[in-house]
Protein chains: 4
Amino acid sequence: MPEAILMKGNDAVGEAAVIAGCHYYFAYPITPQNELAAYMAKRLPDVGGTFLQAESEIASINMVLGASAAGVRAMTSSSSPGISLKQEGISYLAGCKLPAVVVNMMRGGPGLGNIAGAQGDYFQATKGGGHGDYRNIVLAPSSVQELADLTVLAFDLADTYRMVAMILGDGYLGQMSESVVLPEPTGKRFDKSSWSITGCAGREARYIASLRLSPEDGLEKIVLDLQDTYDKVTAREIRCDTYHCDDAEVVLVAFGLAARICKAAVNALRAQGVRAGLFRPITLWPFPSQALLETAGKTRHVLVVEMNAGQMVEDVRQALGDRTPIDFYGRVGAMLVEVERIVEKVKSYA
Amino acid sequence: MPEAILMKGNDAVGEAAVIAGCHYYFAYPITPQNELAAYMAKRLPDVGGTFLQAESEIASINMVLGASAAGVRAMTSSSSPGISLKQEGISYLAGCKLPAVVVNMMRGGPGLGNIAGAQGDYFQATKGGGHGDYRNIVLAPSSVQELADLTVLAFDLADTYRMVAMILGDGYLGQMSESVVLPEPTGKRFDKSSWSITGCAGREARYIASLRLSPEDGLEKIVLDLQDTYDKVTAREIRCDTYHCDDAEVVLVAFGLAARICKAAVNALRAQGVRAGLFRPITLWPFPSQALLETAGKTRHVLVVEMNAGQMVEDVRQALGDRTPIDFYGRVGAMLVEVERIVEKVKSYA
Amino acid sequence: MPEAILMKGNDAVGEAAVIAGCHYYFAYPITPQNELAAYMAKRLPDVGGTFLQAESEIASINMVLGASAAGVRAMTSSSSPGISLKQEGISYLAGCKLPAVVVNMMRGGPGLGNIAGAQGDYFQATKGGGHGDYRNIVLAPSSVQELADLTVLAFDLADTYRMVAMILGDGYLGQMSESVVLPEPTGKRFDKSSWSITGCAGREARYIASLRLSPEDGLEKIVLDLQDTYDKVTAREIRCDTYHCDDAEVVLVAFGLAARICKAAVNALRAQGVRAGLFRPITLWPFPSQALLETAGKTRHVLVVEMNAGQMVEDVRQALGDRTPIDFYGRVGAMLVEVERIVEKVKSYA
Amino acid sequence: MPEAILMKGNDAVGEAAVIAGCHYYFAYPITPQNELAAYMAKRLPDVGGTFLQAESEIASINMVLGASAAGVRAMTSSSSPGISLKQEGISYLAGCKLPAVVVNMMRGGPGLGNIAGAQGDYFQATKGGGHGDYRNIVLAPSSVQELADLTVLAFDLADTYRMVAMILGDGYLGQMSESVVLPEPTGKRFDKSSWSITGCAGREARYIASLRLSPEDGLEKIVLDLQDTYDKVTAREIRCDTYHCDDAEVVLVAFGLAARICKAAVNALRAQGVRAGLFRPITLWPFPSQALLETAGKTRHVLVVEMNAGQMVEDVRQALGDRTPIDFYGRVGAMLVEVERIVEKVKSYA
């Protein structure tokens, strides 16, 4: 049986990436996720891989693009302001239909903000911080174990759909040390030989780019293909988790670290006889609208809890329409939401 | 009486900026909005202003930040990929509470895409392409006249609320030549002496930055202040336009160039006896949810028309909930939506 | 009569540049010459000029190139490592036959070294730190007055010969405050209309560049033209100064700050009855070989004194051949040469 | 017996570097030396090495600095304008006492010039294109065989003296294909453990830098140490070659490709009964002054032949003083010197 070991969140992402066969990691330093870069700098030479601290955030996302175009698994990571700088590159990856894994260990913002953990980049991650009609798969871990598991999953999803899969963690999660059972390699094989740039000896040369100047180049066709892919992802890859929702009268909706705090609130409420439950989206995009509707559509009240000023709440509103009253509780500036406050709010709906 | 002149959209933005007292313009070249830079290069010396073609998109948005911190009106412009590169800087402007005007003449995306006009950056503009909890005021002109008028308005809004106001046009609009009556200066005065960096002779030194490392620095307080500002903007600054909505059974919702095409469709439908109307948000953020609800909440059907894969439609869904069936028609890849197709769709709701 | 005022060396360069009609100054900060940038930042707006702190040393020299191509007087300044970064740009200026003034307030090197004054960049300045067959006019001031006077001269020489004129000062000189009578504008007019890029309305378009790929482009012809220009400069523009050389048995050769120290040594030696003199090149390139030969060719001994490990001494050797014994005394690491040591050395030749 | 193979000059440098144990190569592309980068890109993975195309010339020289500080053999290459951009970094390497090999396959200059071969960077290479009192060992190959041999030597010299060794070739030489017997590894071992940065587990941390702000940091001492090293190099490492000099009445002095052309001229002159010889410096710095003096000091005439406007001729003048008449023949703009013209000149001295 695989052994549980104690591991820091950022390190767990790194080791999981190596398990997933990612041998190319490019990044520019920013707190609070530098442990991940440090881990990869030490670890990748063991597996014959390449760690490269790029000259800028922009360079690092474009190195990922280059590596991905060559058919290998590649990853970059950063924290909020650094992720903003990568938006052009992420849009380019989408335009080129290239798989890649991008990790955002969110810090407090906007601007330089602070270096604690936050959830202020939900919109950026799920609505496309970059330009044009594209989507990223966005995975929201809420434990070190899940950081590892979802990182492995992210690589498979990215390769399956040839798109960016983003791990949207937060500074606190990356810094936490928890027991983790390292995942096994999934063993799935992705044949990239039909599109990757690997030297054209014996075959026609290929070209990977996102510029489609002439109508004949068919930008419309490409974007329609992308939308088609997004439809497939939405049909197949939605993931969510529920806790005590079966008989819940009030459903909390939260992701990542906020969901852990909500779990404690559910426990506290249950202990006081209040039938509360927790709905936790694991894929933030595609958002589990249908599952949420089924879970919370007929409850008395829904409370969305985020470590931001209210972002996922917009997707909850779209999912539930007018069926259930929706309340929001959030804290900003990288402050943690509080169990007491959640309990209090839920009890007020009685 | 002020005279109407024939002017290209991009030029109209430039002249309107000068009328608004903007003497500082920084940008990096990208099609299809280079006419604006060319206009400013020629025009700003006349008024003792500074045109500077920066070494990168990132430099240009940060030059705007510096100029704005010094208390002057400053503007930058670009097109989709260039705007993606500015996302970090826009978030910094928000974190510093600095006014600025940013113009995005959208082109087809994602990636380099093409150089025609598109509306694929609605999400990026309205949901915050950058990191952290912040918002931009987003204005969506649909004629050259409105490009000029909204540019003047953007400067006043930016200064009133100390935030970024974005003109979200598109490549076609910027290239169009139309008759325009240049707006008058509004004459409003904004006293920035209490916060701008103007040399600290005779007063205590100030510091404008978005880094708030220690809890004492109060990032939470700052973000709450921002949210408070955003509430005020939402209460006061929503703008929208309606066309034949009074007796409409079907309401089209569209912005910018798509709205012009929808107007033609309304006319065609009315000629055929179909009571169609058009609801056109002018502020995309804050979105005119309440006005839309009042206009379209009780109609038989709503059709959202965008030159993208469906972005504003999410805000329409939030606004209307389950009250009215909502359909979407869009074209991607910088293709124009078509009157015939809109007419056909509307007639299918009968 | 013009009044003497007390001025810091770096400021004197700045004011002299303005007097010379230089309204364009571009630079990147580096100690010990930042006062010059600060002076220009304050002063240039008074005359409608442009101060721009560029994003790098490389950018600043290329901005000078651009401004010069447009027909205006432009200057950049830096200190040793920064000047190394400009070598490519200086070679481009030469290849384009463009006038420009570059100021190097030398610090201790190699590498980052220290921020005191030194003379370690003589070779770089006079032998062409950049690539290819080109020369700069190099002027070596030894007082604040001369910093001002030679700056004005540098602009005239640069324009006369369409080449780079460099002020080779040192950190100590730039920091010194001395009495200075600001020079008058020379009133010379340089008509650049035959070659500058000023908009081609009504004439054929021009093109200024240093790339000459095809033989037809005639790189050879251009380099021969340059050599012809350098011959003219050598014939007409050599400047040097002598002190007590008429009856000197031992001649010191030194430039800049070292020459001031040598002057004190000459005085001390004369007071002791030793007939010493000082030969001070003011143009380091073209080097005053003939004048030195006439002055020192028949003396008993020559002592070259430099604040480096021995650089100008190579030009002295070329000028004098085997006619006179040549000794060298230098200090490195931004240390000052010492009067006592010079006196001692000279007395040892008796 | 080792086999002779046909190899292009640029490839020979690459293979020789690998033979010398250089596993780290960083460069930015520039014609006419891109074959070398292409060779290393293919070849280094075979030996577990790292090829990295850097984002700029400046980055590449600083990557060499970093690799060298870590105790490994590292190389960069470029052509004239690119080498100008590296001057700051080369000076930093000197200030840090770090070994490195830099290859300059010269093209025509100044500025962008053209992409043919030239010798216009003699001054830059030998007099220190960068700032401060430092020197590079400069090796001038004149055949593909020598390109290979001197590259191996360059690494040993760089490591022996902890300084930069430069291969000063030219574009023609790099493009030539000639028969070459690849050199054997020299087998010399250089223990860098006393100074390199290899992780400080179990020992005190080290610091490699060139900034020495305070007098206590001892910039003077460091520069004196450098000069001491340069004295040793001058005493031990001078290399030159002679051809028919024993009874020569006229001695040609030339390096690199010009020397090959001179050899043909010597042959032609000898065939006509003129006793001509060729003195070819292999180390341009340190310059073989003493050997030249012994060889040519008593001949009737010396003719310096260079593919530039006259650079090495200055060192010849210093070496010979007034002992022998010195003439110069050069061509600029990447034009080849001509045998006929050399023959004619030599015959004119009769």
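Reminder, nothing fancy here: chain letters follow the sequence lines and each chain counts from 1.
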Chain C contact via D:Q311 - side chain, backbone, both or neither, heavy atoms under 4.5 Å: side chain

What part of D:I58 lies closer than 4.5 angstrom to a heavy atom of chain C: side chain, backbone, both or neither? side chain

Using non-hydrogen atoms only, which part of C:R107 is less than 4.5 Å away from chain D: side chain, backbone, both, or neither? side chain

Just checking D:Y161: does its OH atom have more than 12 heavy atoms from other residues, nucleotides or ligands closer to it than 6.0 angstrom? yes

Which portion of C:L320 sits near chain D, non-hydrogen atoms under 4.5 angstrom: backbone

Partner set under side-chain contact (heavy atoms from CB on, under 4.5 Å) for C:T283, not counting sequence neighbours: C:L139, C:I238, C:R239, C:P286, C:P288

Indicate yes or no for a side-chain donor-acceptor contact from D:S80 to the backbone of C:H131 under 3.5 Å, with no hydrogens or angles considered. no

Proximal component of C:N104, with respect to chain D [non-hydrogen, under 4.5 Å]: neither

Only heavy atoms, only distances under 4.5 angstrom. Which residues in residues 224-232 of chain D are near chain C? D:L224, D:L226, D:Q227

Taking the side chain as everything from C-beta on, heavy atoms only, tell me whether D:F123 gets closer than 4.5 Å to C:Q124. no

So which of C:N308, C:V223, C:V332, C:D121 has the largest heavy-atom pair count under 4.5 angstrom toward chain D? C:V332

Could you have a look at D:Q119, D:Q87, D:M106 and say which one has the most heavy-atom pairs with chain C under 4.5 angstrom? D:Q87

So, does D:D322 use its side chain to make a donor-acceptor pair with the main chain of C:D322 at under 3.5 Å? yes

Expected contact set for residues 109-118 of chain C against chain D at heavy-atom separation under 4.5 Å reads C:G109, C:P110, C:G111, C:L112, C:G113, C:N114, C:I115

Within a strict 4.5 Å, meaning less than it, do heavy atoms of the C:E314 and D:Q318 side chains meet? yes

I need the D:L85 CG to C:S91 OG distance, nearest 0.5 Å. 10.0 Å

Among D:G310, D:G321, D:G130, who wins on heavy-atom pairs under 4.5 Å with chain C? D:G130

Can you tell me which of D:G95, D:A309, D:G89, D:G330 forms the most heavy-atom pairs within a distance under 4.5 Å of chain C? D:A309

More than 12 non-hydrogen atoms from neighbouring residues, nucleotides or ligands closer than 6.0 Å to CZ on C:F328, yes or no? yes

Most chain D-contacting option - heavy-atom pairs closer than 4.5 Å, from C:G120, C:G82, C:S210: C:S210

Residues in side-chain contact (heavy atoms from CB on, under 4.5 Å) with D:M335, at least two apart? C:E220, D:R331

